[in-house]
Amino acid sequence: MSARIIDGKAIAEKVRGEVKEGVSAFQSTHGRVPGLDVILVGEHAPSVVYTRNKEKAALEVGIRGRLHRMPEATTQAELLAMVAALSADESVDGILIQLPLPKHIDERTVLLAIPPEKDVDGFHPINVGRLSTGQDALVPCTPLGSLRLLDEAGVNLKGANAIVIGRSNIVGKPMAQLLLSRDATVTIAHSRTSNLAGLCATMDVVIAAVGRAEMVKADWIKPGAAVIDVGINRIELADGKSRLVGDVAFAECKEVAGAITPVPGGVGPMTIAILLQNTLMAAKARARVSA
Ligand code: NDP
């Protein structure tokens, strides 16, 4: 039987609608709209597109989106000064520094400078710690979006055996924490995991966040399992064109899984939608503190 396809585009649209309503309610109560400030250093082509998309998406739901473009030669001190200015600005609820940064800037130092309450990417160690100790936190957008997809697909996580393939700080580890917080029994796999295929085949929920085109095959999937494909890989085709595929061999896995996300149109659209949700959440939390 063919799996239910989890429509990330439609679910992201639903999240944006919720945020839009929330922004309007926030404005009625507080007399201002939430503010999201995105900093881009340099000309990294995909980052230019991502940051423009973030600014545009913010404006579409009524958030004041602002993109700050800084030249490639920006020094760490200049970037820190920009972060300090936005941190002190009461109209700014979310600060996002687009990664990767140029090599001469230390990513950790700069990310640490963002106040945790404005850290809408959820990368600050305070937010990482809050998530792992079960406290309210700003959570990285991609894993939080993946969790929402599981919820929308009606996947029961309580007591489920879940595997997260990939242990990065921005996807794998927070994803595992989120699943744990929902009472799944979680395995985190990585490049040194032995018998990954066999292990995976025992799991009710599979999250693939690796960055290897179509690595997860049909015989890795337990019949009826829920499969979330975070991977984005561009592959070259014989005719010289290219296309995007995930970490999961979608065509064969959908014949075994119970529910599965496609690439594109699965996790991808959720990331920006959740960034907007995080910005609204940060604005509400800041308003509560200053009330
Ligand atoms: P990283 O490169 O930071 O991490 C990849 C992880 O995969 C590592 O933990 C690595 O293990 C593990 N891995 C690599 N090879 C294997 C293997 N053969 N078997 C098992 N595990 C392996 O990537 P990210 O977490 O940043 O991203 C993962 C994917 O998700 C990428 O394709 C990325 O483009 C995509 N992505 C998509 C987003 C979206 O919006 N949809 C947002 C963010 C990422 P080890 O630690 O041992 O090296």
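In listed order, ligands and their atoms are each counted from 1. All values derive from a computational prediction rather than experimental measurement.
In this structure, Glu18 does not pair ionically with Lys14, as no charged nitrogen and carboxylate oxygen lie closer than 4.0 Å. Looking at Arg66 and Asp89, a side-chain N of the basic residue comes within less than 4.0 Å of a carboxylate O on the acidic one, giving a salt bridge. Salt bridge annotation for Lys20-Glu60: absent, with no cationic side-chain nitrogen under 4.0 angstrom from a carboxylate oxygen.
Atoms of ligand 1 lying under 4.0 Å from at least one heavy atom of Gly166, given by number and element, are 6 (C), 7 (O), 9 (O). Taking every heavy atom of Leu196 and a limit of under 4.0 angstrom, the matching atoms of ligand 1 come to 19 (N), 20 (C). Ligand 1 places these atoms under 4.0 Å from at least one heavy atom of Met215: 17 (C), 18 (N), 19 (N). Counting the atoms of ligand 1 from 1 in the order shown, those under 4.0 Å from a heavy atom of Val267 are 41 (N). Per-residue contacts place His190 under 4.0 angstrom from the following atoms of ligand 1 (heavy atoms of the residue considered): 11 (O), 19 (N), 20 (C), 21 (N), 22 (C), 47 (O).
Using modelled atom types, no side-chain atom of Arg64 and backbone atom of Val33 make a donor-acceptor pair closer than 3.5 Å. A donor-acceptor distance shorter than 3.5 angstrom exists from the side chain of Thr29 to the backbone of Ala25, with no hydrogens or angles considered. Here the side chain of Glu252 pairs a donor or acceptor atom with the backbone of Ala218 at under 3.5 angstrom. Formation of a donor-acceptor pair under 3.5 Å by the His190 side chain with backbone atoms of Ser168 is not found in this model. A distance-only check finds no donor-acceptor pair linking the side chain of His30 to the backbone of Arg32 [under 3.5 Å]. No donor-acceptor pair under 3.5 Å is formed between the side chain of Lys254 and the backbone N or O of Ile5.
Contacts between Ile170 and ligand 1 below 4.0 angstrom, taking non-hydrogen atoms only, involve the side chain exclusively. When heavy-atom distances to ligand 1 are checked against a 4.0 Å cut-off, Thr142 comes that close only through its side chain, counted from C-beta outward. Here Ile232 has heavy atoms under 4.0 Å from ligand 1 in both its backbone and its side chain.
At least one N or O atom of Arg212, backbone or side chain, sits closer than 3.5 Å to an N or O atom of ligand 1. Of the polar atoms of Arg192, none of the N or O atoms is found under 3.5 Å from an N or O of ligand 1, judged by distance alone.
Not close to ligand 1: Met270, with no non-hydrogen atom less than 4.0 angstrom away. Contact annotation: Thr193 has no heavy atom less than 4.0 Å from any atom of ligand 1. Taking 4.0 Å as the cut-off, Ala209 counts as a neighbour of ligand 1 on heavy-atom distance. Under a 4.0 angstrom heavy-atom cut-off, Gly268 registers as being in contact with ligand 1.
Residue, atom and distance of the protein heavy atom nearest to atom 3 (O) of ligand 1 are Ser168 CB, 3.3 Å. Closest to atom 5 (C) of ligand 1, if we only count protein heavy atoms, is Val210 O, 3.3 Å. Thr271 OG1, 2.8 Å is the protein heavy atom nearest to atom 40 (O) of ligand 1. Regarding atom 43 (C) of ligand 1, its nearest protein heavy-atom neighbour is Val171 CG2, 3.8 Å. Looking only at heavy atoms of the protein, atom 29 (C) of ligand 1 is closest to Gly211 N, 3.7 Å. At the shortest separation from atom 10 (C) of ligand 1 among protein heavy atoms lies Ser191 N, 4.3 Å. Of the protein's heavy atoms, Arg167 NE, 2.7 Å lies nearest to atom 46 (O) of ligand 1. With respect to atom 35 (C) of ligand 1, the closest heavy atom belonging to the protein is Val230 O, 3.4 Å.
Two residues are said to be in side-chain contact when any heavy atoms from C-beta on lie closer than 4.5 Å; Ile165 and Asp247 fail this criterion. Counting heavy atoms from C-beta outward, Val206 and Ile221 have side chains that approach closer than 4.5 Å.
The neighbour count for Asp136 CG, taken as heavy atoms of other residues, nucleotides or ligands under 6.0 Å away, does not exceed 12. The local environment of CZ in Arg52 is sparse, with at most 12 non-hydrogen atoms from other residues, nucleotides or ligands closer than 6.0 Å.
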